[in-house]
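Within every chain, numbering begins at 1; the chains are lettered A, B, ... in the order of the sequence lines, protein sequences first and strands thereafter. These numbers come from the heavy atoms of this one structure, side chains and all, not from hydrogens, waters or symmetry mates. Remember, predicted model here, so these are calculated numbers, not experimental data.
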Amino acid sequence: MYIREAHPTDARPGMEGRPGNPARGDPDVKQPRTLDERVIAATQCMQALKLSLPIIIDNMEGTTEKAYGGWPDRIALIDLDGKIAYHSGPGPGGFRPAVAEQMLKALLANGGKGSPSLAPPQPPSPAAPAAGRREAHQIETSTALPLPPPGPPEGRARSTPRAGP
Amino acid sequence: MKVSGTQVAGWAALLAVAAVLLAPAVPAVERPGALPRPEAARPQAPRPDGAQPDAARQMPRMKMLQPGQAAPDFELPRLVVQKDKAGNTVGNLSQDRVKLSSFAGAKPVCLIFTSYT
């Protein structure tokens with residue numbers, strides 16, 4: 001679901017996140033003001049990241065984005081009955097594809113039927129560190145899953161690597 | 001001069017009435033250390049771009065949908081990427097639309113909300 005940009009180069013204070021900086025490897029994309037501009041941005045994204053997933057374009061009112069609280073990024077799984085099986089925390093901290101993958105596998109293993117008690121198998125791991133060691137922005141706020149062991153923050157693949165600070 | 005209890009009560013009532021009547025005419029004074037007034041009460045200058053100053057705060061970013069809750073339905077076009085005659089990649093919106101509820105009973109759906117930036 002392609003929604004409004006999180007870090008456009010022309011980000012307005014209070015409206016989006018920090019402005020993107022192409023000199024640091026951020027995509028050179030302004031906030032689309034029309035649906036055509038959004039289609040162009042989505043096409044650039046699909047090409048640069050070599051995406052093969054079907055992409056749906058949200059309308060300029062952001063109707064679906066708002067219904068799911070999808071901005072800046074988020075993952076939702078819908079079960080066979082059309083009900084929410086998993087709703088991640090808001091990005092970037094809550095955007096955790098590995099957790100969503102685990103949940104999707106669990107959902108499929110359950111015949112596509114969601115359940116509040118549905119939880120992915122926990123990977124074998126050493127004892128979890130104290131909760132206080134987790135960064136605040138890494139705390140998963142999903143209502144369906146227990147937290148997996150903390151690891152390095154997940155990020156989406158970028159078309160160009162960031163330069164050093 | 002001897003003041004009776006009745007007189008004291010009368011003056012107190014008079015002062016109370018005066019305070020109520022004069023209160024709107026007295027400008028509010030920001031006292032040092034006083035709690036700030038609620039944001040909604042502060043007048044905000046219109047932005048030159050016409051955007052609402054508090055639009056970002058009104059975004060339901062922290063909205064959580066509960067497991068078992070009906071997923072909000074939508075019907076939106078897909079992105080169709082093709083090459084034109086010159087070999088350039090062109091993106092368009094599909095004529096058909098994807099309706100989330102059409103997947104019910106057929107397969108689960110994974111929605112990833114995101115953008116390029």
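Of the listed residues B/Thr89, B/Leu100, B/Val90, the one with more heavy-atom pairs under 4.5 angstrom with chain A than any other is B/Thr89. Note on B/Cys110, B/Pro72, B/Pro108: by heavy-atom pairs under 4.5 Å with chain A, the leading option is B/Pro72. Between chain A and the residues B/Ala106, B/Ala70, B/Ser94, B/Pro77, the most heavy-atom pairs under 4.5 angstrom are made by B/Pro77.
At a threshold of 4.5 Å between non-hydrogen side-chain atoms, the residues B/Phe113 and A/Thr64 count as touching. Using a 4.5 Å heavy-atom cutoff, the side chains of B/Phe74 and A/Asp58 are not in contact. The shortest distance between side-chain heavy atoms of A/Tyr68 and B/Leu65 falls below 4.5 Å. Residues B/Thr117 and A/Asp26 are not in side-chain contact: their nearest non-hydrogen atoms beyond the backbone lie 4.5 Å or more apart. Between A/Ile57 and B/Leu93 the shortest side-chain heavy-atom distance falls below 4.5 Å. At least one side-chain heavy atom of B/Leu111 sits under 4.5 Å from a side-chain heavy atom of A/Ile78. The shortest side-chain heavy-atom distance between B/Met64 and A/His87 falls under the 4.5 Å cut-off.
Here the closest heavy-atom approach between residue A/Val39 and residue B/Asn92 is recorded as CG1-N, 4.0 Å. Residues B/Ala104 and A/Gly82 share a closest heavy-atom pair of CB-N, 4.4 Å. Residues B/Tyr116 and A/Ala48 approach most closely at OH-CB, 3.0 Å, considering heavy atoms. In terms of heavy-atom proximity, B/Leu76 sits nearest to A/Asn59 at CD2-N, 4.0 Å. When all heavy atoms of B/Ser115 and A/Ala6 are compared, the closest pair comes out as OG-N, 3.3 Å.
Hydrophobic clustering (ILVMFWY, side-chain heavy atoms < 4.5 Å, transitive): A/Leu80 and A/Leu104 are in distinct clusters. Placement of B/Val81 and A/Val29 within a single hydrophobic cluster is found when ILVMFWY residues are connected by side-chain heavy-atom separations under 4.5 Å, directly or transitively. Under the 4.5 Å side-chain heavy-atom criterion for ILVMFWY residues, no single connected hydrophobic cluster contains both B/Val80 and B/Val98.
Taken to the nearest 0.5 Å, the CD atom of B/Gln69 stands 6.5 Å off from the CD1 atom of A/Ile84. Here the CD-CD1 distance, from B/Glu75 to A/Ile56, works out to 11.0 Å after rounding to the nearest 0.5 Å. The distance from the CD1 atom of A/Ile40 to the CG atom of B/Leu79 is 11.0 Å, given to the nearest 0.5 Å.
If you measure heavy-atom distances from A/Asp28 to chain B, you find no contacts under 4.5 Å at all. Looking at A/Ala42, both its backbone and its side chain come within 4.5 Å of chain B, counting heavy atoms on both sides. Heavy atoms closer than 4.5 Å to chain B are found in both the backbone and the side chain of A/Ile55. Looking at A/Gln47, only its side chain comes within 4.5 Å of chain B, counting heavy atoms on both sides. Residue B/Val109 touches chain A through both its backbone and its side chain, counting heavy-atom pairs closer than 4.5 Å.
Residue B/Lys99 qualifies as enclosed at atom NZ: its count of foreign heavy atoms under 6.0 Å is above 12.
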Notebook entry, point to check: Given A/Leu53 and B/Ile112, is the side chain to side chain contact (heavy atoms under 4.5 Å, CB included) satisfied, shown in steps?
Noted result: CA-CA 10 Å; A/Leu53 291 168; B/Ile112 302 173; 4.3 Å; yes
